[in-house]
2 protein chains.
Amino acid sequence: MVSIKDVATHAGTSFKTVSRVVNNDPAVREETRVRVQQSIEALNYRPNSAARMMRNQKSGVIGFISDEVVTQPYAGDILLGAQQVASEHDKILMVVNIEHNRRRRQQSLDMLLERRVEALVLASYFHREVEVPPELSSVPSVLVNCFDSQASLAAFVPDDEQAGFDATQLLVDQGHKRIALISLDPAIVAAQLRLAGYRRALLQAGLPFDAALVVQGEEELGMTPGNCNAETAVANLMALESRPTAIVCGKDEIAMQVYFLLLRYGIRVGHEMALTSFDNQRLIAPNLSPGLTTMALPHLEMGRAALRYLFSAEADNSTRLIPFSVIARESHLLKA
Amino acid sequence: MVSIKDVATHAGTSFKTVSRVVNNDPAVREETRVRVQQSIEALNYRPNSAARMMRNQKSGVIGFISDEVVTQPYAGDILLGAQQVASEHDKILMVVNIEHNRRRRQQSLDMLLERRVEALVLASYFHREVEVPPELSSVPSVLVNCFDSQASLAAFVPDDEQAGFDATQLLVDQGHKRIALISLDPAIVAAQLRLAGYRRALLQAGLPFDAALVVQGEEELGMTPGNCNAETAVANLMALESRPTAIVCGKDEIAMQVYFLLLRYGIRVGHEMALTSFDNQRLIAPNLSPGLTTMALPHLEMGRAALRYLFSAEADNSTRLIPFSVIARESHLLKA
DNA sequence: TTATTGTTTGTCAACGTTGTCATCCCACTC
DNA sequence: GAGTGGGATGACAACGTTGACAAACAATAA
């Protein structure tokens with residue numbers, strides 16, 4: 001590899017002068033600068049960042065540890081948002097994917113710390129509680145889409161309760177009195193919070209809470225694509241004496257299944273049934289017919305907010321709720 | 001930051017002995033080793049990878065440049081596959097996302113080269129031709145899901161022609177004689193190749209090619225979620241004197257729309273119409289009803305193959321076709 | 001006892017960079 | 001012609017690590 005000394009030899013100067021040119025130090029005669037620039041071009045020289053890092057004691061790198069953010073269609077936007085803000089601050093992100101493997105997680109963490117990352121982002125592909133490894137305390141860190149029960153770290157999570165409220169309120173506003181909820185696996189945080197929001201909306205509207213209208217649409221730990229089955233959930237709702245006229249679906253995949261399942265009962269979304277949902281999966285929501293009204297997960301914004309926090313040098317370890325956006329298409333409306 | 005010398009002082013040895021312990025050099029007395037280990041623990045020492053890199057002239061990093069692989073639900077598996085093979089070889093991937101921004105692409109490339117990446121992977125989120133920056137030649141490089149017209153670099157791309165054949169053949173096998181194709185934007189490579197495969201399957205089956213059965217399901221450059229509109233495509237097919245009995249859809253999103261559009265004509269997929277498609281989007285294909293039979297893009301395998309190639313030290317610049325897998329669900333079958 | 005071997009430990013240089021400081025050259029002033 | 005100032009350049013050390021080599025030490029053999 002060509003080093004600064006090779007350039008110096010080629011340009012007939014000391015290597016220090018080359019360093020000055022590379023770093024735009026004004027104390028270089030124009031003539032010299034040009035000569036050095038030409039040598040740099042000719043030799044295709046690139047400064048060695050390892051040497052710079054050693055000298056400056058700075059890596060310019062922020063570690064991004066994710067379980068499967070990258071892989072899952074859900075959450076790639078977290079990374080994108082983080083990357084945007086990082087590059088505004090001339091930092092680069094080093095992304096590692098740990099796939100729920102404990103040993104690999106430790107390895108990855110060690111690797112990042114050996115590379116002297118200046119900060120760490122720990123992101124999950126769905127909203128949940130995580131166990132924070134103690135090493136995180138050695139460097140400024142932030143959690144995204146997950147939180148620590150000890151609240152030892154700042155965390156940026158979606159406001160699922162409010163989203164649950166909004167998804168329900170949209171249907172309340174349309175005059176519905178019997179609104180069902182097909183919920184996610186109750187073991188996950190989002191399920192609990194969205195249910196709470198659903199209840200709050202009912203309460204505020206003066207509607208009774210009917211436990212028979214709350215059914216479960218997935219079985220194991222949620223958020224994994226292909227993991228939901230709304231068949232019995234819909235069957236249960238359809239078996240009711242007084243059927244719901246609207247359904248809040250736990251996620252877009254469930255909503256998608258519901259479109260088809262209702263057809264078996266001769267019910268069409270947008271005609272005899274109104275629907276709202278959560279996530280705003282770009283592959284799903286706009287391609288359903290009628291288009292699915294859904295609460296968009298604020299992935300991009302969480303990623304951005306988390307990195308803005310890191311750069312702000314605040315030290316407020318609280319958990320921030322990031323609002324969903326309401327994406328109103330047609331499924332919450334009923335056509336004549 | 002605590003360095004090897006701090007550990008040495010703490011353990012009462014020379015820093016070279018610490019280095020030996022860290023690198024598992026057997027030439028250290030057990031007693032000394034233990035003492036040094038304890039100091040390492042006590043001070044929470046971690047070797048500085050920048051210093052190691054300088055000394056060893058090796059970064060252990062492979063650069064992964066993607067347009068939007070990470071963000072797009074489509075292609076995250078390319079990255080996953082690459083990561084798997086890289087970590088088998090104790091290399092780590094440095095991922096940068098360039099979002100079609102020319103300046104950012106140059107910056108990212110410079111950054112990676114300054115970090116002395118040992119190899120580069122250039123990945124696209126859909127199959128297409130790319131312009132290869134000249135800097136790539138300074139380091140072993142490989143293209144994934146894209147290719148260079150000059151064929152100056154090894155490339156791993158999906159075998160779209162064969163997939164087009166397979167998707168059609170599945171319907172031919174079911175006895176269909178009039179098989180339509182709702183194609184992608186003809187400007188993209190996959191559209192052309194899949195069409196060719198479609199024609200080959202018809203030819204081989206002795207079925208006539210009818211241009212009226214080939215309609216277009218998206219307008220601008222494809223593969224962007226939400227970018228397709230199959231409405232007129234389906235309308236055109238339905239307007240034919242002799243309607244098709246089966247449709248090959250250009251991608252799962254189109255297929256998804258077709259499920260709904262056909263309902264307007266009283267036609268149900270799996271009853272009056274058979275369907276096959278491409279991609280195997282985990283969010284879509286299993287959630288449709290009946291389940292969508294689709295040709296799965298070999299993203300994971302392309303990522304793995306590309307990295308295996310890099311480690312093999314071959315220098316065969318040809319383009320490799322990676323086969324799709326046929327994911328047979330129910331949509332290609334007709335129920336009585 | 002001394003020589004010989006082998007094991008364990010330490011010294012030193014080098015990797016490529018940049019900050020600090022010293023030197024050099026030139027133009028200008030008195 | 002000597003002195004002054006400032007702009008341009010260079011010498012050197014240091015960042016933390018490891019390979020090459022040397023030294024110290026202990027154990028064994030003669």
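Within every chain, numbering begins at 1; the chains are lettered A, B, ... in the order of the sequence lines, protein sequences first and strands thereafter. These figures come from a predicted structure and were not determined experimentally.
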Helix axis bend for the helix from dT1(C)-dA30(D) to dC30(C)-dG1(D) - C1'-based end axes, five pairs, 10° rounding: 70°

Ring pair (Phe, Tyr, Trp, His ring centres under 6.0 Å) partners for F15(B), two or more places apart: none

Donor-acceptor side-chain pairing of S124(B) and N145(B) below 3.5 angstrom: no

Counterpart residues, side-chain hydrogen bond (donor to acceptor under 3.5 Å, both in side chains), relative to S39(B) (two or more places apart): H10(B)

Any donor-acceptor pair under 3.5 Å from R320(A) side chain to S318(A) backbone: yes

Aromatic ring pairing H127(A)/F147(A), orientation class (parallel under 30°, perpendicular over 60°, tilted between): perpendicular

Acceptor/donor pairs from residues 55-65 of chain B side chains to any protein atom, 3.5 angstrom cut, sequence neighbours excluded:
residue, atom, partner, partner atom, Å
N56(B), ND2, R52(B), O, 3.3
S59(B), OG, V61(B), N, 3.2
S59(B), OG, R116(B), O, 2.6

Sugar-phosphate or base contact per nucleotide [nucleotides 10-20 of chain D; S, B, -; heavy atom under 4.0 Å]: BBBBBBBBBB-

T9(A) (side chain) donor-acceptor with K5(A) (main chain) under 3.5 angstrom: yes

I92(A) vs M94(B), side-chain contact (heavy atoms from CB on, under 4.5 Å): CA-CA, chis, key distance, verdict: CA-CA 10 Å; I92(A) 85 122; M94(B) 186 156 226; 3.0 Å; yes

Main-chain N/O of L136(B) paired with S138(B) side-chain donor or acceptor, under 3.5 Å: no

Nucleic acid contacts of residues 26-40 of chain A, taken as heavy-atom distances under 4.0 Å to DNA chain C: none

Euclidean distance, L321(B) CG relative to M302(B) CE, rounded to 0.5 Å: 11.0 Å

